[in-house]
S.K.: 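Input: one structure, supplied below.
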There are 2 protein chains.
Amino acid sequence: MLKNFDFNAVDTTFADRKRSELGAELAALQRKLLNSDSSLLIIVDGWESSGKGYMLKEFTRELDPRYFEVSLYDEPTDEEKAHPFLWRFSRDLPAKGRIALFDRSFYFELMSELKLSDKKLNHQLTDVSFLERMLTADNTLVIKFFLHQKEKTMVKRIENLKKDPYRELLITAEDELQIKKYSKYLNHFDEVLERTNFEGSPWHIISTEDLKNASREALGITIRALKEHLEKPSGEEADVPRPASAIKPLAKIDLSKTITEQEYEAQLEKLQKEAGEIVYELWIKKIPCILVFEGTDAAGKGGAISRLTRMMDPRSFDVATTAAPTEQERQYNYLWRFYQTFPSRGKLTIYDRSWYGRVLVERVEGFTPEYRWAAAYDEINEMEHNLVHDGNLIIKFLLVIDKEEQEKRFKEREADPEKIYKLTEDDWRNHEKFDVYEEAMNEMLVRTNTIDAPWIIVEGKQKEFARIKVLKEFIGRAKAFIKKNS
Amino acid sequence: MLKNFDFNAVDTTFADRKRSELGAELAALQRKLLNSDSSLLIIVDGWESSGKGYMLKEFTRELDPRYFEVSLYDEPTDEEKAHPFLWRFSRDLPAKGRIALFDRSFYFELMSELKLSDKKLNHQLTDVSFLERMLTADNTLVIKFFLHQKEKTMVKRIENLKKDPYRELLITAEDELQIKKYSKYLNHFDEVLERTNFEGSPWHIISTEDLKNASREALGITIRALKEHLEKPSGEEADVPRPASAIKPLAKIDLSKTITEQEYEAQLEKLQKEAGEIVYELWIKKIPCILVFEGTDAAGKGGAISRLTRMMDPRSFDVATTAAPTEQERQYNYLWRFYQTFPSRGKLTIYDRSWYGRVLVERVEGFTPEYRWAAAYDEINEMEHNLVHDGNLIIKFLLVIDKEEQEKRFKEREADPEKIYKLTEDDWRNHEKFDVYEEAMNEMLVRTNTIDAPWIIVEGKQKEFARIKVLKEFIGRAKAFIKKNS
């Protein structure tokens, strides 16, 4: 894309427009955006000292500063390196109605490291592609600019910067490096651009030889795309093929499994100690670990989690309880809020309910239209695949009881003053829908039981049996993972 | 507190209780806490290798892991150092109903640096005292433990750790240092404990010579304090003296101030450029800057902010709009949400409405009981003082119009299809309360106009006049601040 770029064939579509006029047009669209279900992400990347700061100013000058946000990315900090790659970006993505402008963005490392063959960078390419597709699916318009300049222009610009006392410090070692190896970087950028020139979020190469022209062009492109985006009838149902599946994993399980009290007592403490030791080992080996607990109400998730963590160092794990998304969380993609809680290297996060709410409660209660929750199976698989690729151990437990058992447990809770607080009106309402939930769980099991992140079905009718199984599965799988990765 | 500590005079109040029994009692209180308006913060600090990890395990073993969180503090990262001191802790404080356990906490640097005379540490003492008072005022029970051990016990413990392959890496340079200078550290810890032994949040010194005894004691103290706390009738009105003030700053201002269109045109762009340059200077000098904009609806806050930021590098500032707190934000102290957005060194955050909502809308609409909002004047002054102490430049603008002008502007909005979206039912309702808001603003001006963070009253009837005044005041005050701090 860069190699055959013609600096003389400048786009003149917007050449006769005033920049202030274009800015005002963008500001008018910003007001429309504010009341819509969409958001806008503008990425400005390119050569060092190619005018990124200038362009960002041009973009924002006429905008209402209350409703946009500019984020600047540099080398990741230690804290950022310890988290999944998308973690630091997920915090800055635009909420519904808002505009986010990224200076460099998630392309930072991809652009600045000259070799893409590296495993880490390869992973970043996968994650970037995932992120941009998710954003696009979620009504976020993603516009990516790469600012291009001739070698001799770059040399001159850096010379000029050196003379300016306020801006001299903007020159970095990266600038010097790019000048020294201009053609090597040209080839490298070209490859990155080619490989990330996605259909829903293509790159726009902008020559910044003439900065005013460049900003007219970039503003013009943005206005055109945003206008088109806002005129598109929203909520249009995409056609998500969902091949019918006759497999019902839950129909085949044996809920009558039990262990004796003696067996339970004999094993419990030993397994808990072992689980505690393994968590130390994960810590030392810097392996991040994600455990998911799903299941109907009263399936025993809380009890199983307490038994599992009892001997673990409380500094090494977090339990994240997933409730209905808050108003603020609903302004973002349903997966982003989890990115905030994914463990850093060496830590363990246990999810008491999780992103699977998308294909369970949101599906059953009709909170999310079918074409969106039906797409979630693939989205979730891809997210989990990327997390595993990033070094995470993921184990997912589904605790299963039947409808009769649920009724029995609800009634016990009603009768126990210490436990009645656990029972709400909603619980009885959901109880009526037990079969519909079961159907949703069956489909979830079939579609998201991947090699990367398998489901463990836990027969939950006898609590003791379930607790021991969770402990054993965690220990066995964590041990195997540690061995494989040592 | 440490110097005269008698290792032989161990508290035996809880000596005959089983630890599992005490743990279960704490777990029962946790369930009570969950449905209350309170929260619990347990701080575990002390000598290196004195059993902090052990104690945390003892605390949490019987608790429901979904409703507590353990945070571990070490040397602040670069990102943390770039933010106000309380920033990293504010994220981890307990929400209503929850328990937070801090391993080390905000005492980390105070304890590990041997000299308290340092300006930075002195500031931390002020901030810690502020934080603990705020928490206590907000129904958070703060329990602080310092784990104490004899020199020879410490030596032995570190020797034992060295033999354990999983725990060897827990030994740090800090351990070696504390052994080498045991008595120096003893004196130092003693001083820190003395100076932070606040009435509402005293220290408990626990000998960990016998770890089981120590955990019985710590659990017992926590149970006793939490029980007492939960039995205390909540919402009891504290008596906050509010001396009546006859001063009405808003009565004295001259709203007829105007400038001509020529004057406006001649000055605007020049001042905007200057403001843009100053923001670069603040960046280079690493000065964080906070601008607050308050004023009634339609006073022109948004317009003044856009004019101010027009020539600023959009990477250097953020505009934070303050709406009614979300459900999640209401689970914390009203000031904490702002700690998340305070600027890092060199950045500028502009608040379109702010923490002053506490003494404006929350007061007028009765969202907060009087004894709490009346206390907010002092709380806010102290917070701002601490931020200035921490290096921040704070300027607060109050944009003022009269009731007639507000009515005129609302009517204009109604008539303009481009602006009608700005007008809501609430606006007309608030218009009726204009005088009550004015009274609240008068008291706010009198009580929070400090030398550290002064209020600038901006006569807002003519928008052009107001915008130029804001620009000039920002430039003048920022310049003076830079000069004073260079």
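Letters go in sequence order (proteins before strands), and every chain restarts at 1.
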S.K.: Which bit of F68(A) is near chain B, if near means a heavy-atom gap under 4.5 Å: side chain, backbone, both or neither?
M.R.: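 Side chain only.
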S.K.: Can you establish whether the number of heavy atoms outside K96(B) located under 6.0 Å from its atom NZ is more than 12?
M.R.: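 Check passes, neighbour count above 12.
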S.K.: Should the heavy atoms of other residues, nucleotides or ligands under 6.0 Å from NZ of K286(A) be counted, would the total exceed 12?
M.R.: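 No, the 6.0 Å shell around NZ holds no more than 12 heavy atoms from other groups.
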S.K.: Could you grab the distance from atom CZ of R315(B) to atom OG1 of T60(A), nearest 0.5 Å is fine?
M.R.: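 Interatomic distance, R315(B) CZ to T60(A) OG1, rounded to 0.5 Å: 10.0 Å.
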S.K.: Name all residues meeting the side-chain hydrogen bond (donor to acceptor under 3.5 Å, both in side chains) criterion together with S316(A); count only those two or more places apart in sequence or in a different chain, and write none if there are none.
M.R.: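 S316(A) satisfies side-chain hydrogen bond (donor to acceptor under 3.5 Å, both in side chains) with no other residue.
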S.K.: Select one option (side chain, backbone, both, neither) describing which atoms of F317(A) are under 4.5 Å from chain B's heavy atoms.
M.R.: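 Side chain only.
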S.K.: Tell me, out of T77(B), L72(B), D103(B), who's got the most heavy-atom pairs with chain A below 4.5 Å.
M.R.: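 So the answer, after comparing T77(B), L72(B), D103(B), is D103(B).
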S.K.: Please say whether more than 12 non-hydrogen atoms of neighbouring residues, nucleotides or ligands are located less than 6.0 Å from NZ in K479(A).
M.R.: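 Atom NZ in K479(A) is not packed in, count stays at 12 or less.
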S.K.: Taking I350(A), T326(A), L101(A), D318(A) one by one, which has the highest count of heavy-atom pairs under 4.5 Å against chain B?
M.R.: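 Heavy-atom pairs under 4.5 Å are most numerous for D318(A).
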S.K.: Select one option (side chain, backbone, both, neither) describing which atoms of D78(A) are under 4.5 Å from chain B's heavy atoms.
M.R.: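 No part of it gets close to chain B.
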S.K.: Go through the atoms of T309(A) and report whether side chain, backbone, both or neither lie under 4.5 Å from a heavy atom of chain B.
M.R.: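 Side chain of T309(A) only, per the 4.5 Å heavy-atom cut-off to chain B.
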S.K.: How long is the straight-line distance from CZ of R310(A) back to CD of E62(B), given to the nearest 0.5 Å?
M.R.: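 Interatomic distance, E62(B) CD to R310(A) CZ, rounded to 0.5 Å: 4.0 Å.
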S.K.: Could you tell me the separation between the OH atom of Y351(B) and the CZ atom of R66(A), rounded to the nearest 0.5 Å?
M.R.: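 Nearest 0.5 Å value for the OH-CZ distance: 16.0 Å.
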S.K.: For E58(B), give me all partners under side-chain hydrogen bond (donor to acceptor under 3.5 Å, both in side chains), at least two apart in sequence or on another chain.
M.R.: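 Expected list: R19(B), R61(B), S215(B).
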S.K.: M311(A) versus chain B, heavy atoms under 4.5 Å apart: side chain, backbone, both or neither?
M.R.: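 Interface part for M311(A): both.
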S.K.: Would you indicate whether K81(A), at its atom NZ, is surrounded by more than 12 heavy atoms from other residues, nucleotides or ligands within a distance under 6.0 Å?
M.R.: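 More than 12 heavy atoms, drawn from other residues, nucleotides or ligands, come within 6.0 Å of this atom.
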S.K.: So what's closer than 4.5 Å to chain B heavy atoms on R31(A): side chain, backbone, both or neither?
M.R.: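 Just the side chain, heavy atoms under 4.5 Å.
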S.K.: Could you have a look at G276(B), A320(B), S306(B) and say which one has the most heavy-atom pairs with chain A under 4.5 angstrom?
M.R.: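 Counting heavy-atom pairs under 4.5 Å, the top option is S306(B).
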S.K.: Of all heavy-atom pairs between V70(B) and P314(A), which one has the smallest distance, and what is that distance?
M.R.: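 Minimum heavy-atom contact is CB-O, 3.4 Å.
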S.K.: Just checking Q340(B): does its CD atom have more than 12 heavy atoms from other residues, nucleotides or ligands closer to it than 6.0 angstrom?
M.R.: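 Check passes, neighbour count above 12.
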S.K.: Between CZ of R88(A) and CD of E79(B), what distance do you get to the nearest 0.5 Å?
M.R.: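 If we round to the nearest 0.5 Å, R88(A):CZ and E79(B):CD are 10.0 Å apart.
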